[in-house]
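All remarks here apply to the structure that follows.
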Amino acid sequence: MTKTPGRSHTTSTADIVELVEVRTPHNYHPLPVAIAEGSGAWVTDLEGRRYLDFLAAYSALNFGHRHPDIIAAAERQLHRLTLTSRAFLHDQLGGFCAELAELAGMDMVLPMNTGAEAVESGLKVARKWAYDVKGTPRDQANVVVAAENFHGRTITLISFSTDPLARQGFGPYTPGFRIVRYGDAAALEAAVDDETAAVLLEPIQGEAGVIVPPAGYLAAARRICTQRGALFIADEIQTGLGRTGTTFACEHEGVRPDMYLLGKALGGGVVPVSAVIADRSVLGVLHPGEHGSTFGGNPLACAVGRTVVALLRTGGYQRRARELGAHFHQRLRGLVGSGLVEVRGRGLWAGVDVDPALASGREVCERLVQKGVLAKDTHASTVRLAPPLVITMEEIDQAVDALGQVLVELALDRTVSGSRVTAG
Ligand code: PXG
């Protein structure tokens with residue numbers, strides 16, 4: 001008897017793989033691990049196998065799976081009120097926006113849901129600011145962005161992507177963007193003109209492979225924006241909220257942007273929560289009807305977001321990322337020359353380049369799964385490592401040891417297959 005996909009009772013990873021294959025478009029290529037439970041830095045699959053989560057949902061799980069404070073806040077709010085729309089007020093909105101604004105040292109917060117929405121919102125605000133405040137002629141504003149950027153998947157955001165996979169086949173594209181080489185302050189300076197509303201940058205480029213710009217780049221971007229009267233927008237959706245060892249990655253260069261974009265970890269791994277943070281002189285350009293979202297700033301999101309802000313106010317997560325991050329990077333650098341060709345990153349965040357002669361990033365991730373470690377490849381030979389900030393030193397060692405073993409085994413397999421070829 002043939003099974004009807006979607007009607008069978010799904011119990012095993014194999015069932016889930018089959019069902020997902022048939023019932024969702026193939027816009028992802030997930031590793032074949034079906035997670036059933038998570039706690040802290042650990043997840044358990046449907047068959048009861050345990051894994052260290054070294055992806056942490058691309059940093060959306062900075063506080064780990066089901067952090068007790070975040071779950072308690074969500075549960076409390078679930079029993080009180082979950083949604084009002086922005087047609088009315090509720091008792092979590094003001095507190096969330098005030099507390100998050102204070103954490104960032106800015107005046108105001110525009111709450112949204114996903115990262116892409118925060119970026120779109122930030123770009124709309126920047127254009128409106130250019131016309132209303134800067135005096136840019138109507139519809140003439142431009143925004144300068146970096147090559148290899150990742151800011152999300154909407155038509156406008158992929159319009160200024162340089163990744164053909166993200167972009168091709170989705171035109172026509174939104175005009176008004178200029179792309180310059182990331183990390184090149186002179187190129188940035190040359191691209192900014194009188195009609196530039198904003199410069200939009202990731203302080204460290206995440207999806208590009210955890211690319212850390214040269215020292216002084218963010219400070220130079222700040223200076224250029226100040227001199228030319230353009231807004232400096234920092235997309236801290238992946239870099240922010242503790243990951244790199246500070247609340248915001250811009251802090252590493254003592255830079256205060258005009259606008260922070262946050263998402264991912266702001267939702268505590270529970271709900272999608274994103275935000276645009278800026279001073280009143282910038283966010284004050286929005287008036288009723290000009291922008292919004294049904295779910296943006298909903299009570300559940302705000303209650304969770306307030307708990308995330310409270311956790312960050314302790315400074316403990318930033319400290320963990322800094323201190324454990326130093327150990328993490330030291331250990332990873334020890335593998336350079338033994339299967340890795342480069343290690344980049346900051347805090348508890350690393351992009352490691354696997355020797356392409358040895359294996360692909362995907363192959364390394366597949367083997368790491370067998371050793372109980374979850375990580376994800378990008379751009380053929382890079383593996384991203386970003387454990388929850390609640391990870392321990394011992395767990396870091398366990399994962400790096402597993403990576404070391406995988407690299408040794410791959411080298412051994414190559415030698416064996418190489419000698420077979422020679423022998424044959
Ligand atoms: N900005 C940055 C720097 C990001 O890394 C976004 C914006 C968009 O966020 P949303 O919430 O709209 O995905 C990101 C997202 C994926 C995926 O599955 C996305 C990211 C990283 C890895 C995978 O599309 N980053």
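Computed over heavy atoms, backbone and side chain alike; hydrogens, waters and symmetry mates excluded. In listed order, ligands and their atoms are each counted from 1.
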* **K371 and E409 ion-paired at < 4.0 Å** => yes
* Asked: Which residue pairs pass the side-chain hydrogen bond (donor to acceptor under 3.5 Å, both in side chains) test when at least one of the two sits in residues 113-127, sequence neighbours left out?
  -> N113-E117, N113-S293, E120-T154, S121-H291, K124-H291
* **Heavy-atom closest pair, residues L241 and G263** => CD1-O, 4.1 Å
* Can you tell which of L262, D235, L261 gets a heavy atom nearest to atom 1 (N) of ligand 1? -> D235
* Nearest protein heavy-atom contact for atom 7 (C) of ligand 1: which residue, which atom, what distance? -> H151 O, 3.2 Å
* **Worked verdict on W42 versus E37 for side chain to side chain donor-acceptor pair (under 3.5 Å)** => CA-CA 8 Å; W42 291 88; E37 281 170 34; over 6 Å; no
* For the residue pair H151 and F160, does the interplanar ring angle fall in the parallel (under 30°), tilted (30 to 60°) or perpendicular (over 60°) class? -> tilted
* **Which residue and heavy atom of the protein sit nearest atom 2 (C) of ligand 1, plus the separation** => F150 O, 3.3 Å
* Structure fact -> Checking heavy-atom distances from atom 20 (C) of ligand 1 to each of Q238, K264, R153, the winner is K264
* Any pair with a residue in residues 263-285 that passes side-chain hydrogen bond (donor to acceptor under 3.5 Å, both in side chains), sequence neighbours left out, goes on the list, sorted by first then second residue, please. => R256-D279
* Any atoms of ligand 1 less than 4.0 Å from a non-hydrogen atom of Y28? List them with their elements. => 16 (C), 18 (O), 24 (O)
* Structure fact -> Note: ligand 1 atoms sitting under 4.0 Å from heavy atoms of A116 are 8 (C), 9 (O), 10 (P), 12 (O)
* Output the list of atoms in ligand 1 that are nearer than 4.0 Å to some heavy atom of E207, sorted by atom number. => 21 (C), 22 (C)
* **Enumerated ligand 1 atoms positioned under 4.0 Å from heavy atoms of G115** => 8 (C), 9 (O), 10 (P), 11 (O), 12 (O)
